[in-house]
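Here the structure comes first, spelled out in C-alpha cells, and everything after it is commentary.
Values below: every heavy atom of this structure, side chains too, minus hydrogens, waters and symmetry copies.
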Amino acid sequence: MNNKHITESSSASSPLLEGRSKSAVDYRYLRMARIWAENSYCKRRQVGALVVKDKMIISDGYNGTPSGFENVCEDEEGITKPYVLHAEANAITKLARSGNNSEGSTLYVTASPCIECAKLIIQAGIRRVVYAEKYRLTDGIDLLTRAGVEVEYKSLEEDNDPTLDSI
C-alpha cells in the first residue's frame, strides 16, 4: 500500500501540511495551475502558475499578452510574439501590484521556468519551485538551483499522482 500521509504526531510538528503529505499538496496545486493555464489564449502552449504562501494562493498567472493588447499570442506563422509574458512573470508582476509579499513562498508552474523567469523568481524571494513539465533547455532550473531555490519536478501523469490512489 502506498501510504503517503503524515502521521498525527508528525503533522503536529508541521501545521502547513495538516495531515497531508507535502507531495499530495504539491500535486493539488500543480493541478490547479494546469486548470488556470486554460485561461491562456496562446495556441502553441498554455502555461499556468500559482504563488502559494502560508497555505494561501497569493498570486496567479498564465502566459499571454500584456494588459491592453489583443489576446493573440502567435503571429500568422504560429510563432509566439516577442512581447508575450510567461505565466511566472505574470504571477510575479501581479504580486508587485497587490501588496502581497512572496518572500519564502512556493511557485507552482506547469512548465519549467526559463532563465528570464528564473531571475524574476530569485529576485521575488520565492524559495521553492515545483513544476510539471520539463523543457529542453535547463538553464532556468540550473540558475534557480545555483541560487539556492529548492526545485522539484513532479509529473502530472495520473499514474504518478499519489493523491489519486484514494479515488
Each residue besides [X] in its hydrophobic cluster should be listed here, by chain and number; the cluster joins Ile, Leu, Val, Met, Phe, Trp and Tyr at side-chain heavy-atom distances under 4.5 Å.
| X | answer |
| --- | --- |
| Val72 | none |
| Ile35 | none |
| Val84 | none |

Pairs in or reaching into [range]: which pass salt bridge (Lys or Arg N to Asp or Glu O under 4.0 Å), with residues at least two apart or in two chains?
| range | value |
| --- | --- |
| residues 109-124 | Glu116-Lys119 |
| residues 140-153 | Lys22-Glu150, Arg128-Glu150, Arg128-Glu152, Glu152-Lys154 |
| residues 58-74 | Asp60-Lys94, Glu70-Lys81 |

Qualifying residue, where the test is ring-ring contact (aromatic ring centres under 6.0 Å, His included) with Tyr108 and the options are Tyr27, Tyr29, Tyr153: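 Of the listed options, the one satisfying the test is Tyr29.
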Can you name the residues that form a side chain to side chain donor-acceptor pair (under 3.5 Å) with [X], not counting sequence neighbours?
| X | answer |
| --- | --- |
| Thr106 | none |
| Lys43 | none |
| Asn90 | none |

Pairs satisfying disulfide bond (SG atoms under 2.5 Å apart), at least one member in residues 55-148, at least two apart: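 Qualifying pairs, neighbours excluded: Cys42-Cys73.
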Whether Thr110 side chain and Ala33 backbone form a donor-acceptor pair below 3.5 Å: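 Not a single qualifying donor-acceptor pair exists.
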Distance in Å, Ile126 CD1 paired with Ile121 CD1, rounded so as to fall on 0.5 Å steps: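 These two atoms lie 5.5 Å from each other.
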Distance (rounded to the nearest 0.5 Å) between Asn63 CG and Thr80 OG1: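 Between Asn63 CG and Thr80 OG1, I get 8.0 Å after rounding to 0.5 Å.
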For Tyr135, all residues meeting side chain to side chain contact (heavy atoms under 4.5 Å, CB included), sequence neighbours excluded: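 With sequence neighbours excluded, Tyr135 shows a side chain to side chain contact (heavy atoms under 4.5 Å, CB included) to Arg45, Ser112, Leu137, given in chain and number order.
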Ring pair (Phe, Tyr, Trp, His ring centres under 6.0 Å) pairs, two or more places apart, involving residues 74-98: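 Every ring pair (Phe, Tyr, Trp, His ring centres under 6.0 Å) pair that includes a residue of residues 74-98, provided the two are not neighbours, is Phe69-Tyr83.
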